[in-house]
Participant: 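Mind looking over this structure? Questions follow.
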Amino acid sequence: MKRFKNVLAAGGLAIAVLGLAVAQDRIDQARFDFRVRSDFFAGFAGNEQALARAMKICEEELAKNPNHAEALVWHGSGVFFQSGKLFQAGDPVKGGEFWQRGLKEMDDAVKIAPDNLGVRIPRGAVLLTAARSLPNPAMARPLVETGLGDFEHTLEIQKPFFDTLGAHPRGELLIGLADGYARLGKEEQAKTYFERIRAALPGTAYAASADKWLATKSLAPREGGCLGCHLSK
């Protein structure tokens, strides 16, 4: 667990580069993530004041409406991140409590709004990225499976207009799926997505990762997501 803080920093930024890939018919200037995501990204990168601001906004929203799914999923991601700091500080009991609480909040958010991409994508991005550096495969696997479920559901919702999205949101979603299945040892599913990436996104960093995996059946962690953005530079 000692690397958990860094894992969640990457997970938070993975949400950023996915851009929440929200459905085109969901043009909403009052979208909740606009209010908190910059502070969450800064918080996941180490700015404690920014994280506290973001968590407070979520808590105020949840005090008014406990079923506000987007506030709940973002708050859960913050609690999940805080569990890593507790593990690093040598408090595994409290760290475990925050771990479970963060997961529960994100899970409850999905139960409240299972078709809300502003809920599905944040949870999926956090879990898929966090699972990368967990030393225990038995702990990592359910996170990957849940994250894949979120991304598969996202892809199904976006199916009618997916091809009209930019290369970045399409690439991040597809590479997350391809790499996730590869990490589970499900090579046929992984191959399907890597081949789709290569066909749909030629000349991109996503296609380069697909080419590498198809040739070697392996990718470095940095090649499995957050491509073509500030994290890859």
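The structure presented is a predicted model; accordingly, all values stated were derived computationally and were not measured.
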Participant: Once the angle between the rings of W99 and F80 is folded into 0 to 90°, is it parallel (under 30°), tilted (30 to 60°) or perpendicular (over 60°)?
Facilitator: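 Correct class here is tilted.
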
Participant: Relative to the ring of F81, is the ring of F44 parallel (under 30°), tilted (30 to 60°) or perpendicular (over 60°)?
Facilitator: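 Correct class here is tilted.
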
Participant: Looking at G118 and E70, what are the two nearest heavy atoms and their distance?
Facilitator: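 Heavy atoms only, the tightest pair is O-CG, 4.0 Å.
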
Participant: Looking at every non-hydrogen atom in both residues, tell me the closest pair between A210 and I197 and how far apart they are.
Facilitator: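 Nearest pair, atom of A210 first, then I197: CB-CG2, 4.0 Å.
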
Participant: Between D108 and K104, is a salt bridge (Lys or Arg N to Asp or Glu O under 4.0 Å) present by the stated rule, with each step listed?
Facilitator: CA-CA 6 Å; D108 286 348; K104 184 178 187 303; 2.7 Å; yes

Participant: Under 3.5 Å, side chain of H75 to main-chain N/O of E105, donor-acceptor pair present?
Facilitator: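 Judged by distance alone, no pair lies under 3.5 Å.
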
Participant: Would R183 and D179 pass as an ion pair if we require N to O under 4.0 Å?
Facilitator: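 Salt bridge flag = yes for D179 with R183.
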
Participant: Please lay out, stage by stage, how D39 and L51 fare under the test side-chain contact (heavy atoms from CB on, under 4.5 Å).
Facilitator: CA-CA 6 Å; D39 275 341; L51 182 62; over 6 Å; no

Participant: Is there a salt bridge (Lys or Arg N to Asp or Glu O under 4.0 Å) between E60 and R35? Walk through the geometry before answering.
Facilitator: CA-CA 12 Å; E60 289 173 346; R35 297 171 56 194; 5.7 Å; no

Participant: For K212, does the NZ atom sit with more than 12 other heavy atoms under 6.0 Å from it, leaving out its own atoms?
Facilitator: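 Counting neighbours around NZ of K212, more than 12 heavy atoms of other residues, nucleotides or ligands fall under 6.0 Å, so yes.
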
Participant: Test your reading of the model: is there a side-chain donor-acceptor pair from R120 to the backbone of V110, 3.5 Å cut-off?
Facilitator: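 Not confirmed, R120 side chain does not pair with V110 backbone.
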
Participant: Under 4.5 Å between side-chain heavy atoms, hopping through other hydrophobics if needed: is there a path connecting L62 to F34?
Facilitator: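 No, L62 and F34 fall in different hydrophobic clusters.
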
Participant: So, taking the atom named CD1 in I112 and the one named CG in D107, what distance separates them when rounded to the nearest 0.5 Å?
Facilitator: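 Taking CD1 in I112 and CG in D107, the distance rounds to 11.0 Å.
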
Participant: Given the rule that I, L, V, M, F, W and Y join up when any side-chain heavy atoms are under 4.5 Å apart, are L72 and F32 in one cluster?
Facilitator: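 Looking at the clustering, F32 is in a separate group from L72.
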
Participant: Checking W213 against R198 for the side-chain contact (heavy atoms from CB on, under 4.5 Å) test, could you report, in this order, the C-alpha distance in whole Å, the side-chain angles of both residues, the deciding distance, and whether it holds?
Facilitator: CA-CA 11 Å; W213 187 89; R198 186 163 65 180; over 6 Å; no

Participant: What do the steps show when you test L148 against L184 for side-chain contact (heavy atoms from CB on, under 4.5 Å), and what is the final call?
Facilitator: CA-CA 10 Å; L148 284 173; L184 292 182; 3.5 Å; yes

Participant: Tell me whether R101 is salt-bridged to E97, with the criterion being a basic N under 4.0 Å from an acidic carboxylate O.
Facilitator: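 No salt bridge links R101 with E97.
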
Participant: Between R170 and L165 (side chain of the first, backbone of the second, donor and acceptor by atom type, cut-off under 3.5 Å), is there such a pair?
Facilitator: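 Pair found, side chain donor or acceptor close to backbone of L165.
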
